[in-house]
Number of protein chains: 2
Amino acid sequence: MPHPIDLALTASLIGDATRAGMLSRLLEGPARTAGELAREAGISPQTASGHLAKLLEGNLVRVEVQGRHRYYRLANPDVARALEALSLLVPTRVAPVRVPEPLRFARTCYDHLAGTLGVAMAEGLEQRGLLESSEDTYALTPSGERFVAKWGVDLEELSQGRRAFARRCLDWSERRAHVGGALGAALAERLFALRWIARRPEGRGVRLTVEGRRGFEKSLGLSWP
Amino acid sequence: MPHPIDLALTASLIGDATRAGMLSRLLEGPARTAGELAREAGISPQTASGHLAKLLEGNLVRVEVQGRHRYYRLANPDVARALEALSLLVPTRVAPVRVPEPLRFARTCYDHLAGTLGVAMAEGLEQRGLLESSEDTYALTPSGERFVAKWGVDLEELSQGRRAFARRCLDWSERRAHVGGALGAALAERLFALRWIARRPEGRGVRLTVEGRRGFEKSLGLSWP
DNA sequence: CACCTGCTTCGGCATGTGCCGAAACGTCGA
DNA sequence: TCGACGTTTCGGCACATGCCGAAGCAGGTG
């Protein structure tokens, strides 16, 4: 752990509403000029400049100079991760997050399964001792390896790739983790192939089929109304 | 993402040196009473009480009342994760606070370099724009390719192999990333060959030689007491 | 060169917040 | 019931910091 003073210094950079807004926008959108950030935040260019100088000093953003424009972006992926980790701590106001019900129940997150279903699967695997979580990754236990093999996941093949094996991917609608990485992608791919889940016509939404409902019930004891 | 104002509110709870110190202690140690936390922080009980009330309100800690004592602890594992994610963003000071024990300072992790030295090398390369990190891999920039070639790394050969090129390997003693994968192995191999580092007689410990100390100082500006 | 534009630096004002002294509250033990 | 102790609440002070107006700097353009 770093010295508390340094930790506080970094946290206080995010701990200002204006700067937090800038960082949130940079987290979700492309690089922006100082002027754009000022307008979006509703503050004068001087003030924005001061904030950006601090963020730069704290190594939360980096800047690319193009002529008289200065494009700011998040300094590195760690910053994005820290912002997301902090977001999870924000006390929920009234409704947790307003997500349309279908999307909230199940959707794809890049190439793996997210939403209530994705989280339930991860936690079901964990409760049955098939999956173990560490700080930000998952690992299959020996019985877990046999279990996913029954679904048709080829572990040999997965471990070849350069991709992280199984990442704990934080779910923004559930505020809990689901399985990402190579394993997450392979699980989703198999569940589609087994027709336990099916893509909705458009968007990232996913539907649980009748077979899927039965399958999850039988294999992991998961059930839904 | 939550509203930026709420994000800022939560971050600013950590963004005070005194509170950050309390949270750090709670992260590493057992639950403590309000009075203990006050003494450890070197502030009056009233002031500590105010801080703890804020942390409680922000749901970063929870409290257990036992008679006239109040035991505070972190509210949940998400808080610990957020603190650690934030710690990663703290700009590195070159001199570590504590004199590191041998293993902590430098060791091999499979076939690449880990510990304070491994992390410092990775971050030194990154700060100089020689290495870029994405989610779980590293990539050499063009200037980085020239740099490692000077150490005798044969990039042609590395890219032949089936192994992941450069993995971000999380260091358990430092809680930060160092370079793994094929590049990490090649760097370690070259540093041994150049006699910048040497294996300790037994175990995985690694020693920094006088040449190594000079070399890291000159090439990456790293120095140790 | 002059001029516009994007951005930063400087100075002063106002608000926010960390700190402690004083005092109150609740629990425990004599 | 009383006093000791751990903790919280209240009030006021001092410092830190966000804000903007004014001014300065540097790149692009005619």
Side-chain angles (χ1 to χ4, degrees), chain A residues 3-26 29-73 75, chain B residues 3-26 29-73 75:
Chain A
H3 195 79
I5 290 183
D6 297 325
L7 177 63
L9 237 46
T10 300
S12 67
L13 289 177
I14 311 175
D16 170 83
T18 307
R19 286 193 295 262
M22 289 175 163
L23 291 170
S24 292
R25 287 172 190 280
L26 288 176
R32 291 162 151 75
T33 67
E36 285 169 342
L37 286 166
R39 278 190 298 279
E40 288 176 351
I43 55 175
S44 66
Q46 316 88 288
T47 304
S49 176
H51 284 307
L52 290 168
K54 284 179 185 169
L55 292 175
L56 209 53
E57 164 86 21
N59 203 32
L60 293 190
V61 302
R62 61 196 158 95
V63 66
E64 194 177 321
V65 180
Q66 267 179 34
R68 53 187 168 182
H69 296 276
R70 279 160 181 248
Y71 285 90
Y72 287 89
R73 68 187 71 214
Chain B
H3 194 79
I5 290 184
D6 297 325
L7 177 63
L9 236 45
T10 300
S12 67
L13 288 177
I14 312 175
D16 170 81
T18 307
R19 285 193 295 263
M22 289 174 163
L23 291 170
S24 292
R25 285 171 191 280
L26 289 176
R32 283 146 208 255
T33 66
E36 284 170 343
L37 286 166
R39 278 191 299 279
E40 289 177 354
I43 55 176
S44 67
Q46 316 88 288
T47 304
S49 175
H51 284 307
L52 290 168
K54 285 179 185 171
L55 292 174
L56 210 51
E57 165 86 21
N59 203 32
L60 294 190
V61 302
R62 63 197 157 94
V63 66
E64 193 177 321
V65 180
Q66 266 179 36
R68 52 187 168 183
H69 296 275
R70 277 158 182 250
Y71 284 90
Y72 287 89
R73 67 189 72 214

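Below, chain A is the first sequence line, B the second, and so on; all start at residue 1.
Note: OH (B:Tyr71) to C1' (D:dT8) measures 18 Å, nearest angstrom. If you measure from atom CG of B:Leu52 to atom P of D:dT7, you get 9 Å, rounded to the nearest angstrom. If you measure from atom NE2 of B:His69 to atom P of D:dA4, you get 17 Å, rounded to the nearest angstrom. Rounded to whole Å, atom C1' of C:dG6 lies 16 Å from atom CD of A:Glu64. Atom-to-atom, CG of A:Leu55 to P of C:dC7 comes out at 15 Å; the value is rounded to the nearest Å.
For residues 29-40 of chain B, the set of pairs meeting the salt bridge (Lys or Arg N to Asp or Glu O under 4.0 Å) definition, not counting sequence neighbours, comprises B:Arg25-B:Glu40, B:Arg32-B:Glu40.
Taking OG1 from B:Thr18 and CD1 from A:Ile5, the interatomic distance works out to 8.5 Å, rounded to the nearest 0.5 Å.
The two residues A:Leu7 and B:Ser24 come nearest to each other via the heavy atoms CD2-OG, 3.9 Å. The minimum heavy-atom distance between A:Pro4 and B:Ala17, with the atom names listed, is CB-O, 4.3 Å. Among all heavy-atom pairs drawn from B:Ala48 and B:Ala34, the shortest one is CB-O, 4.4 Å.
Remark: A:Ser44 engages A:Gln46, A:Thr47 in a side chain to side chain donor-acceptor pair (under 3.5 Å) (not counting sequence neighbours). With sequence neighbours excluded, the residues that form a side chain to side chain contact (heavy atoms under 4.5 Å, CB included) with B:Ala31 are B:Tyr71, B:Arg73.
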Using the 3.5 Å cut-off, write out each protein N or O paired with an N or O of nucleotides 24-30 of chain D and the distance between them.
from, atom 1, to, atom 2, distance (Å)
D:dG27, N2, A:Arg68, NH1, 2.4

Output one line per pair: protein atom, nucleotide atom from nucleotides 13-20 of chain C, and distance, for all N/O pairs under 3.5 Å.
from, atom 1, to, atom 2, distance (Å)
C:dG18, OP1, B:Arg19, NH2, 3.2
C:dG18, OP2, B:Lys54, NZ, 2.3
C:dC19, OP1, B:Thr18, OG1, 2.9
C:dC19, OP2, B:His51, NE2, 2.3
C:dC20, OP2, B:Ser44, N, 3.2
C:dC20, OP2, B:Ser44, OG, 3.0
C:dC20, OP2, B:Thr47, OG1, 2.7

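Remark: B:Arg70 is not in phosphate contact with C:dG26, judged by side-chain N or O atoms under 4.0 Å from OP1 or OP2.
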Return a table of donor-acceptor pairs under 3.5 angstrom between the side chains of residues 56-63 of chain B and protein atoms on other chains or two or more places apart.
from, atom 1, to, atom 2, distance (Å)
B:Arg62, NE, B:Ala75, O, 3.1

